[in-house]
Amino acid sequence: MSEAAFDISEELKKLPDHPGVYLMHDADDVIIYIGKAVSLRNRVRQYFQASRSKSPKIEKMVTHIARFEYILTDSELEALVLENNLIKEHRPKYNTMLKDDKTYPYIKVTLGETYPRVLFSRQMKKDKSRYFGPYSSAGAVRDTIDLIRKLYRLRSCNRSLPRDIGKERPCLNYHIHQCVAPCQGYVTPEEYRERIQGALDFLSGKYSLILTDLEEKMQTAAAGMDFEKAAEYRDLLASVKQVAQKQKITDSDGEDRDIIALAMDERDAVVQVFFVREGKLIGREHFRVNVGTEDTPREVLSVFIRQYYAGTPFIPKEIMLQEEPEDMAVTEQWLTVRRGTRCRIRVPKKGGREKLVELAAENARMVLVQDKERIRREEGRTIGAVKEISALLGLGYVRRMEAYDISNTNGFESVGSMVVYEKGKPCRSDYRRFKLRTVTGPDDYASMREVLIRRFTHGMEERRTNREKELGEEYGSFTRFPDLILMDGGKGQVNIALAVLAELGLDIPVCGMVKDDFHRTRGLYYNNKEMPIDVHSEGFKLITRIQDEAHRFAIEYHRSLRSKEQIHSVLEDIPGVGKERRKALMRAFLSLEAIREADVETLAAVPSMNRQAAVSVFGFFHPTVGNTDGESE
């Protein structure tokens with residue numbers, strides 16, 4: 001149904017008294033909110049009832065609703081599942097959203113194989129394998145797998161055994177004593193299974209047997225004067241002890257559970273999750289959630305549980321929370337369906353379990369405080385620094401800054417760079433680089449003039465094209481002009497930039513970065529005068545970072561051309577001019593400068609050339625508006 005034909009008041013009358021999911025669209029037909037309801041009629045109508053008290057976020061959202069649609073389901077549980085899927089797909093603006101969208105690693109033991117393996121996995125499938133996790137650190141998982149393979153000498157190859165036994169030679173792992181080579185039939189399935197059982201016990205936290213075994217082997221090897229083997233056992237013993245110390249017993253019942261708590265302020269929330277597997281705390285992870293001032297901890301917990309457990313393959317037997325989430329019964333039912341067996345949500349009120357929830361909450365508060373401090377420092381380095389520069393120059397707030405630099409080797413293969421900073425941070429998608437076309441020799445002023453002309457004429461052309469096609473004024477890579485141009489130099493560079501802008505009819509402030517005798521920035525050149533700047537200020541540090549970044553980008557481009565052996569005659573870059581025509585041009589003109597100064601008719605008169613090739617050569621050395629593009633990073 002089109003927006004013009006959609007009458008909200010009439011459509012509200014048609015809503016069914018039935019479970020389902022509703023989707024709110026704005027005037028651009030973008031989905032801005034998705035919700036579920038036991039009764040679509042009652043729930044959707046509430047948004048448009050003036051007498052109904054609504055939060056500021058919902059009040060604002062309602063003003064943007066142009067139409068809505070709904071999908072019927074057979075139950076509230078189906079509505080919850082569908083709501084989760086649609087939110088994950090569309091990520092509506094007004095839904096509370098989990099910022100992190102990660103998958104967590106597991107250790108997979110392929111018990112369905114005759115000779116099982118211990119593998120890294122990010123998916124938990126319903127197969128004959130046994131999974132341990134999830135773990136919060138992929139690196140820790142890989143370290144544990146390496147340790148297990150060393151301890152029990154298990155295979156890691158993809159050979160199909162026992163079918164392929166004896167078909168190939170044993171791999172390197174056998175020769176370095178990290179595999180018992182079942183591929184050669186050197187171990188029976190029964191003997192190999194004993195090793196796998198040891199690995200399963202290890203992953204389950206039963207370390208005493210392996211510690212005792214390693215201790216005995218180390219002592220035996222030392223007594224037999226085999227000190228190299230004793231040192232190997234010593235290192236393995238230390239590794240196992242290190243892993244054992246990280247596993248803290250949290251409960252004697254040996255259950256799998258997640259402990260979830262949050263801390264929040266008016267804008268952000270941090271949710272802390274402790275992973276307890278078989279009674280042991282194996283890891284923790286925190287997640288950030290966007291919230292509104294009116295959101296309650298209960299609502300945020302409810303959203304987090306649905307979004308998090310919709311994306312993780314492992315559902316524990318029990319989830320412990322600070323307080324009951326919204327729709328607790330249906331959420332518990334949904335978790336049970338996903339798990340395949342009963343999953344309980346509990347809110348402990350006393351004892352050791354309550355202390356664990358309090359510990360998770362304290363960790364969440366700590367992360368939230370640290371985030372705020374980090375954001376405050378980052379804003380000082382970025383937005384605060386930009387405000388300092390703006391105040392020093394007497395400008396309004398400078399959102400976008402562009403800086404330019406030239407790099408060459410004794411004037412050969414000159415290149416230019418353009419770096420962009422927005423709100424004090426690098427905007428690398430807008431970086432551009434230029435291979436100089438009209439300048440020979442180490443002439444930085446002429447090189448900078450060419451770069452600026454190409455950059456801004458291209459941007460002006462894109463703007464004209466956008467207006468003709470009725471696109472947005474800033475639709476395109478070059479259309480967004482800076483609030484301030486920073487030149488890597490003083491008066492001379494600034495005057496070059498001002499001359500180019502005046503020639504193109506543009507009014508953009510230009511500031512030079514003046515260096516001392518040691519090539520260190522000492523101040524700014526603006527409005528025909530040098531302005532000192534506090535070298536300890538965040539503004540100065542930002543200018544230095546921008547200057548270094550422009551220089552780095554130019555140098556890297558120039559270096560890449562050299563490393564790829566791409567430094568060649570400029571003539572090789574001209575479309576339509578092959579090897580024979582290049583030779584003919586060089587014989588006729590003797591120098592690139594002479595070719596650059598020749599007109600089309602003179603170029604066309606050269607043997608092997610025609611008018612089309614002559615126009616191509618002339619256009620290359622005298623770039624038009626339609627041929628001024630730069631290369632992105």
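FYI, side chains are in, hydrogens and waters are out, and symmetry mates aren't considered; it's all heavy atoms of this structure.
For the residue pair Q322 and V347, the shortest heavy atom distance occurs at O-CG1, 3.1 Å. What you find for E326 and S302 is that their closest heavy atoms are O-OG, 3.4 Å. When all heavy atoms are compared, the tightest approach of P348 to V357 is CG-CG2, 3.7 Å.
Electrostatic pairing of D213 and K217 counts as a salt bridge here, judged by a charged N lying under 4.0 Å from a carboxylate O. Ion pairing of R193 with E190 is absent here, as no side-chain N (NZ or NE/NH1/NH2) approaches a carboxylate O to less than 4.0 Å. A salt bridge is absent between D26 and K93; no separation between the charged side-chain nitrogens and carboxylate oxygens falls under 4.0 Å. Using a cutoff of 4.0 Å between basic side-chain nitrogens and carboxylate oxygens, E556 and R433 are not scored as salt-bridged. Look at K36 and E76 and you find a salt bridge, because one of the NZ, NE, NH1 or NH2 atoms lies within 4.0 Å of a carboxylate O, short of that distance.
Within 6.0 Å of the NZ atom in K425, the count of heavy atoms belonging to other residues, nucleotides or ligands does not exceed 12. The environment of K350 atom NZ is sparse: at most 12 non-hydrogen atoms of other residues, nucleotides or ligands sit within 6.0 angstrom. Heavy atoms from other residues, nucleotides or ligands lying under 6.0 Å from CZ of R169 number 12 at most.
Between the D127 side chain and the S129 main chain, a donor and an acceptor come within less than 3.5 Å of each other. In terms of modelled atom types and a separation under 3.5 Å, the side chain of E78 and the main chain of D74 share a donor-acceptor contact. A distance-only check finds a donor-acceptor pair linking the side chain of D265 to the backbone of D268 [under 3.5 Å].
The aromatic rings of Y186 and Y174 lie tilted to each other, with the angle between the two planes from 30° to 60°.
Looking at R149 and S156, their side chains come closer than 4.5 Å, going by heavy atoms from C-beta outward. I260 is not listed as a side-chain neighbour of Q272, based on a closest heavy-atom distance of 4.5 Å or more.
Under the salt bridge (Lys or Arg N to Asp or Glu O under 4.0 Å) criterion, D548 pairs with no residue at all, not counting sequence neighbours. The side chain to side chain donor-acceptor pair (under 3.5 Å) search around R45 returns none, not counting sequence neighbours. Contacts of R346 classified as salt bridge (Lys or Arg N to Asp or Glu O under 4.0 Å), with partners at least two apart in sequence or in another chain: E318. Annotation: salt bridge (Lys or Arg N to Asp or Glu O under 4.0 Å) contacts of R344 (sequence neighbours excluded): none.
Taking the six-membered ring where the residue is Trp, the centroids of F287 and F304 are separated by under 6.0 Å.
Under the 6.0 Å distance and 45° angle rule, R43 does not count as a cation-pi partner of Y22.
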*Under the side-chain contact (heavy atoms from CB on, under 4.5 Å) criterion, do I31 and H25 qualify, and how do the steps go?*
CA-CA 4 Å; I31 296 173; H25 295 252; 3.5 Å; yes
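Applying the side-chain hydrogen bond (donor to acceptor under 3.5 Å, both in side chains) definition to pairs two or more places apart or across chains, those involving residues 107-118 are T110-E113, E113-R117, E113-R155, R117-N158.
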Please output the side-chain donor-acceptor pairs of residues 218-238 that fall under 3.5 Å, not counting sequence neighbours, one pair per line with the distance.
from : atom 1 : to   : atom 2 : distance (Å)
Q219 : NE2    : E215 : OE2    : 3.1
T220 : OG1    : E216 : O      : 2.9
D226 : OD1    : K229 : N      : 3.3

